[in-house]
Amino acid sequence: LVSWNSLLNMYAQRGELLKAEQLFERMPEHSLLSWTVLLSAYAREGRIEQAQRVFETMPAMDLVSTNSMLAAFAENGDLESAMEIFDEMPARSISTFNAMLIAYVRCGDFAGARWFMEEVMEERDVVSRTTLLTAYAERGYLDVARCLFEEMPNRDSAAWNGMLAGYAQQGRLEEAVGVFNAMPERDTVAWTTMLAAYAKSGDLAQGRALFESIPCTNLVSWNAMLSAYSKAGLLAEAGRLHDQMPEHH
RNA sequence: AUCGCUGUAU
């Protein structure tokens with residue numbers, strides 16, 4: 001059953017809904033976990049009604065499955081439905097609270113999000129703070145984002161990447177470079193974000209140089225480089241690069 | 001002891 005579930009989860013992660021559905025039906029038995037994976041598969045594709053149907057059909061629910069349903073509403077900006085679930089939960093975890101934070105920021109309710117984090121949540125973690133950080137950064141409140149970043153007791157790669165992306169997306173190349181250089185370690189997300197920052201500023205040469213030095217590329221980093229060329233109208237260069245893309249990407 | 005839930009890149 002464990003291996004059925006892992007395969008099911010693999011399809012779910014990739015968004016291969018049909019395969020996930022077929023596998024789910026073919027499985028010899030379903031554990032609570034199988035149901036939860038199916039629910040998340042629908043949620044990830046934005047099929048809220050179907051996720052909800054699974055949620056109602058499931059023979060049992062636990063904290064994780066309820067969190068998944070809550071997260072689905074949250075991602076969709078349905079604060080009301082999210083709250084309804086939240087209020088009725090017999091037990092909550094940090095993921096529960098963090099999902100609620102998403103519900104607030106997806107609604108654009110920043111004051112609500114802050115209030116929730118500071119007054120309602122009994123504990124906050126790096127995920128909670130990064131959620132707020134990126135929400136502010138996306139809206140251009142980079143100084144607020146920076147404050148949240150500075151005040152983090154600990155920063156993981158997503159926190160660093162979130163701050164980096166904030167500057168990158170707002171076209172603040174200098175600050176982006178500053179963050180990038182200050183990072184204790186850089187994963188592919190960080191490299192790709194920095195590449196996108198150069199591309200956005202029109203510095204394709206720097207972008208390309210950076211791209212060449214990425215230790216471990218993936219489809220996203222290739223897409224970033226390719227679309228940088230395309231957007232600049234350098235279709236020939238894009239085509240040349242495209243042909244060099246490794247098969248496994 | 002990474003089979004499921006929350007934050008970051010195109």
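Below, chains carry the letters A, B, ... as their sequence lines are ordered, and counting in each starts from 1.
Partners of A:R139 by salt bridge (Lys or Arg N to Asp or Glu O under 4.0 Å), not counting sequence neighbours: none found. Residues meeting the ring pair (Phe, Tyr, Trp, His ring centres under 6.0 Å) test with A:Y198, sequence neighbours left out: none. In terms of the ring pair (Phe, Tyr, Trp, His ring centres under 6.0 Å) criterion, residue partners of A:F86 (sequence neighbours excluded) are, by chain and number, A:F97, A:F116.
The stretch residues 233-249 of chain A does not touch RNA chain B, since none of its heavy atoms comes less than 4.0 Å from the strand.
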I'd like a table of donor-acceptor pairs (distance under 3.5 Å, sequence neighbours excluded) in which one partner is a side-chain atom from residues 18-29 of chain A, with atom names and distances.
| from | atom 1 | to | atom 2 | distance (Å) |
| --- | --- | --- | --- | --- |
| A:E21 | OE2 | A:Y42 | OH | 2.6 |

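Judged as a side-chain hydrogen bond (donor to acceptor under 3.5 Å, both in side chains), the pairs with a partner in residues 69-91 of chain A (not counting sequence neighbours) are, in order, A:E75-A:R106, A:D78-A:S81. A salt bridge (Lys or Arg N to Asp or Glu O under 4.0 Å) check over residues 36-61 of chain A, counting only residues at least two apart or in different chains, returns nothing. Residue pairs satisfying the salt bridge (Lys or Arg N to Asp or Glu O under 4.0 Å) criterion with at least one member in residues 62-74 of chain A, sequence neighbours excluded, are absent.
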Quick tally for nucleotides 5-10 of chain B: nucleotides whose base has a protein heavy atom under 4.0 Å get B, sugar-phosphate-only ones S, the rest -, giving BBBBBB
